[in-house]
Q: 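Have a look at this one.
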Amino acid sequence: RMHVSTDSWVGGYRPDFKQMHKDFPDIAPEDLGSVGYEGEETMYVSEAVFDAAYSQKGLILAHHKGYNRSHGNAQMFFDSVTEIQVSDLK
């Protein structure tokens, strides 16, 4: 079985990516090169949200595993997308 991803953002997880190659060399993803453009992955979470999530639920939102729904409810620290006022968007 083969899985193909044409656009992956390893970014800050480069050490995990390298470790995966050491631990699972037969099934680790293979980087086949650029698709022709550069980009950057980012996400902004305020310090107040980081602190609240950690102090109230022990969630560490600085790491992707902190958003795993099976281990916590990170969404309780964020507004719903339905609360965005379209008229405020430019």
Q: Who else is in the cluster with F24 when I, L, V, M, F, W and Y are joined by side-chain contacts under 4.5 Å?
A: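 F24 clusters with M20, I27.
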
Q: For D79, give me all partners under side chain to side chain donor-acceptor pair (under 3.5 Å), at least two apart in sequence or on another chain.
A: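 Counting only residues at least two positions away or on another chain, D79 forms no side chain to side chain donor-acceptor pair (under 3.5 Å).
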
Q: Quick one: are V45 and F77 in side-chain contact, heavy atoms under 4.5 Å?
A: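 With C-beta onward as the side chain, the pair stays apart.
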
Q: Looking at residues at least two apart in the chain, or sitting in another chain, which of them share a side chain to side chain donor-acceptor pair (under 3.5 Å) with S80?
A: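 Testing S80 for side chain to side chain donor-acceptor pair (under 3.5 Å), a comparison that skips the adjacent residues, returns T82.
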
Q: Give me each pair satisfying side-chain hydrogen bond (donor to acceptor under 3.5 Å, both in side chains) with a member in residues 19-29, each pair once, sequence neighbours excluded.
A: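 Passing the test, one end in residues 19-29: Q19-D23.
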
Q: Which heavy atom of F17 sits nearest a heavy atom of P29, and at what distance?
A: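 Minimum heavy-atom separation between F17 and P29: CE1-CG, 3.5 Å.
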
Q: Measuring from L59:CG to F50:CZ, what's the distance to the nearest 0.5 Å?
A: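 Here the rounded value is 11.5 Å.
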
Q: Per the side-chain hydrogen bond (donor to acceptor under 3.5 Å, both in side chains) rule, what does the pair list look like for residues 48-68, sequence neighbours excluded?
A: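 Sorted pair list: N68-S70.
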
Q: Quick one: side chain to side chain contact (heavy atoms under 4.5 Å, CB included) partners of I84, sequence neighbours excluded?
A: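 Side chain to side chain contact (heavy atoms under 4.5 Å, CB included) check on I84 returns V81, L89.
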
Q: What residues, two or more places apart in sequence or in another chain, satisfy side chain to side chain donor-acceptor pair (under 3.5 Å) together with S46?
A: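 Residues passing side chain to side chain donor-acceptor pair (under 3.5 Å) with S46: none at all.
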
Q: To check you understand the geometry: which heavy-atom pair defines the closest contact between L61 and G66, and what is its length?
A: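 So the minimum-distance heavy-atom pair works out to CD2-O, 3.6 Å.
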
